[in-house]
Protein chains: 2
Amino acid sequence: MKNNLEILKRCGVRPTPQRIAVVKYIFESKGHPDADTILENVRKTCPTISRATVYNTLNLLVAKGLLQTQILKGRTVIFDPNTQKHHHFVDDATGKVFDIPWDTLKVSQNKTLQGFQVRDYQVIMRGRRES
Amino acid sequence: MKNNLEILKRCGVRPTPQRIAVVKYIFESKGHPDADTILENVRKTCPTISRATVYNTLNLLVAKGLLQTQILKGRTVIFDPNTQKHHHFVDDATGKVFDIPWDTLKVSQNKTLQGFQVRDYQVIMRGRRES
DNA sequence: AATAAATATTGACAATGTTAAAAATAGGAT
DNA sequence: ATCCTATTTTTAACATTGTCAATATTTATT
Ligand SMILES: [Mn+2]
Ligand SMILES: [Mn+2]
Ligand SMILES: [Zn+2]
Ligand SMILES: [Zn+2]
């Protein structure tokens, strides 16, 4: 997809080789990679890229609304190219993260939440992904 | 509460002064403190306690099922003395974590989750706690 | 080409947590 | 009480994740 280059231009970010490589990896892998995984993989095609540049790019993409961050396993941030509202399922065995479409679940209130103004929520499920 | 000492004995853990101090803080403060907060506060009554001992004790209590861990704000683990099933609300402004009783919310499936065996789940809500 | 602005790299740093080795402590046997 | 042993605590080193400032490089503009 040449689309990756467009993504950067469209939000006013200069499309440098490093940024293109990061965008390419994260939007084509369609997973929930952490910064380190992104760095390792991007270096296959862009061997000189530095850790700081990866973080700079990822944080920029988050600021531009093209990525979301999540913390679902361990203490490391994962970058989520799915910016629509959705829930998550984390496999106990593999640590793999799966998107659960928003309309799969319905969260309703039995009792009213007095004094809590909810801006956003999600359901996080853990268990086993069946083979 | 002398109860703290009982808690340790009951699960076969030798009740040392350090462990008693950690248990006392975490079960009496009733919040969702991180290890650093626990260390700081426990040092008020037990000034020589080391970071490693705090982590050792907390990990031990988690292994014994007396504490749960959560990662709800930033990337730091918080220790939760509420080991019953419950949901969480995180205040955007203060970072404060609130327990939402399990029966306050109901999560239902509109569509069946094919291939996902759910062992556990929780709803994480974010927003503003009204003054 | 010369200049200025934006970006990338490097290396230092902070925060969080784990680990191994040494020192201190507590309990039990004699 | 003294000795012995197992447990626990402390210390210090280390790993990981992420940020930051300074420097070097690249890019755009003139
Ligand atoms: Mn990783
Ligand atoms: Mn803290
Ligand atoms: Zn996702
Ligand atoms: Zn809780």
Side-chain angles (χ1 to χ4, degrees), chain A residues 4-5 7-9 11-26 32-64 66-80 95 97, chain B residues 4-5 7-9 11-26 32-43 45-64 67-80 95 97:
Chain A
N4 296 321
L5 195 143
I7 290 174
L8 290 170
K9 279 199 217 167
C11 64
V13 175
R14 193 187 290 175
T16 67
Q18 291 86 349
R19 285 171 176 170
I20 291 170
V22 170
V23 166
K24 180 174 161 60
Y25 176 74
I26 195 159
H32 293 76
D34 60 23
D36 207 57
T37 302
I38 295 166
L39 177 60
E40 279 173 32
N41 282 280
V42 166
R43 274 187 169 161
K44 291 176 186 167
T45 63
C46 185
T48 67
I49 196 172
S50 68
R51 202 154 55 112
T53 295
V54 169
Y55 276 107
N56 284 343
T57 301
L58 292 170
N59 290 339
L60 191 58
L61 295 175
V62 170
K64 294 293 182 181
L66 298 174
L67 289 181
Q68 260 188 296
T69 60
Q70 299 281 344
I71 300 177
L72 298 173
K73 42 168 176 168
R75 315 185 296 106
T76 72
V77 173
I78 62 179
F79 294 87
D80 192 343
V97 174
Chain B
N4 296 322
L5 197 142
I7 290 175
L8 289 171
K9 278 198 215 164
C11 61
V13 174
R14 192 189 292 176
T16 66
Q18 291 87 345
R19 285 171 174 169
I20 291 169
V22 169
V23 167
K24 180 175 162 59
Y25 176 75
I26 196 159
H32 293 77
D34 59 24
D36 206 58
T37 301
I38 295 166
L39 177 60
E40 279 173 33
N41 281 281
V42 166
R43 273 187 171 162
T45 62
C46 186
T48 66
I49 196 173
S50 69
R51 202 153 55 110
T53 296
V54 169
Y55 277 106
N56 284 344
T57 302
L58 291 171
N59 291 339
L60 190 59
L61 295 175
V62 169
K64 294 294 182 181
L67 289 181
Q68 260 189 299
T69 59
Q70 300 281 345
I71 300 177
L72 298 174
K73 43 168 177 168
R75 347 190 312 299
T76 72
V77 174
I78 62 179
F79 294 87
D80 192 343
V97 174

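Each chain gets a letter, A, B and so on, in the order its sequence line appears, and its residues count up from 1. All values derive from a computational prediction rather than experimental measurement.
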Base, sugar-phosphate alone, or nothing: which one does Thr76(A) contact when heavy atoms must sit under 4.0 Å apart?
sugar-phosphate
Spacing of Leu39(A) atom CG relative to dT16(D) atom P, expressed in whole Å:
14 Å
Taking the side chain of Arg75(B) as its heavy atoms from C-beta onward, which of dA8(C), dT10(D), dT17(D) lies nearest to it?
dT17(D)
For Arg51(B), answer base if it contacts any base atom (sugar-phosphate contacts may also be present), sugar-phosphate if it contacts only those atoms, and nothing otherwise; contact means non-hydrogen atoms under 4.0 Å.
base
Below 4.5 Å, heavy atoms only, C-beta onward: do Arg19(B) and Leu60(B) meet side chain to side chain?
yes
Are OP1 or OP2 of dG17(C) and a side-chain N or O of Tyr55(B) less than 4.0 angstrom apart?
yes
Where each residue is assigned the nucleotide of DNA chain C containing its nearest heavy atom, which of Ala52(B) and Pro17(A) is assigned the position nearer the 5′ end?
Pro17(A)
Classify the nucleic acid contact of Arg19(B) as base, sugar-phosphate or nothing, counting any heavy atom under 4.0 Å across all strands shown.
sugar-phosphate
Validation row: Val22(B), Gln18(B) side chains within 4.5 angstrom (heavy atoms)
no
Nearest-angstrom distance from the residue atom CD of Glu40(B) to P of dA15(C)
11 Å
Can you measure Arg14(A) atom CZ to dT26(D) atom P for me and round it to whole angstrom units?
13 Å
How is Asp34(B) classified with respect to the nucleic acid when contacts are heavy atoms under 4.0 Å: base, sugar-phosphate, or nothing?
nothing
Send over the distance from Ile49(B) CD1 to dA24(C) C1', rounded to a whole Å.
15 Å
If you define the side chain from C-beta out and look only at heavy atoms, does anything of Leu58(B) sit under 4.5 Å from Val54(B)?
yes
How many whole angstroms separate atom CD of Gln18(A) from atom P of dA6(C)?
17 Å
Rounding to a whole Å, what distance do you find between Asn56(B):CG and dG17(C):C1'?
11 Å
Side chains of Thr37(A) and Asp34(A): any donor to acceptor distance under 3.5 Å?
yes
4.5 Å side-chain heavy-atom contact, Leu8(B) and Leu61(B)
yes
Rounded to whole Å, how long is the line connecting atom CD1 of Ile20(B) with atom P of dT8(D)?
13 Å
Examine dA8(C): is either OP1 or OP2 under 4.0 Å from a nitrogen or oxygen in the side chain of Ser50(A)? Give yes or no.
no
Distance check needed: dT16(D) C1' versus Lys73(A) NZ, whole Å only.
15 Å
Base, sugar-phosphate or nothing for Thr16(B)? Non-hydrogen atoms, less than 4.0 Å.
sugar-phosphate
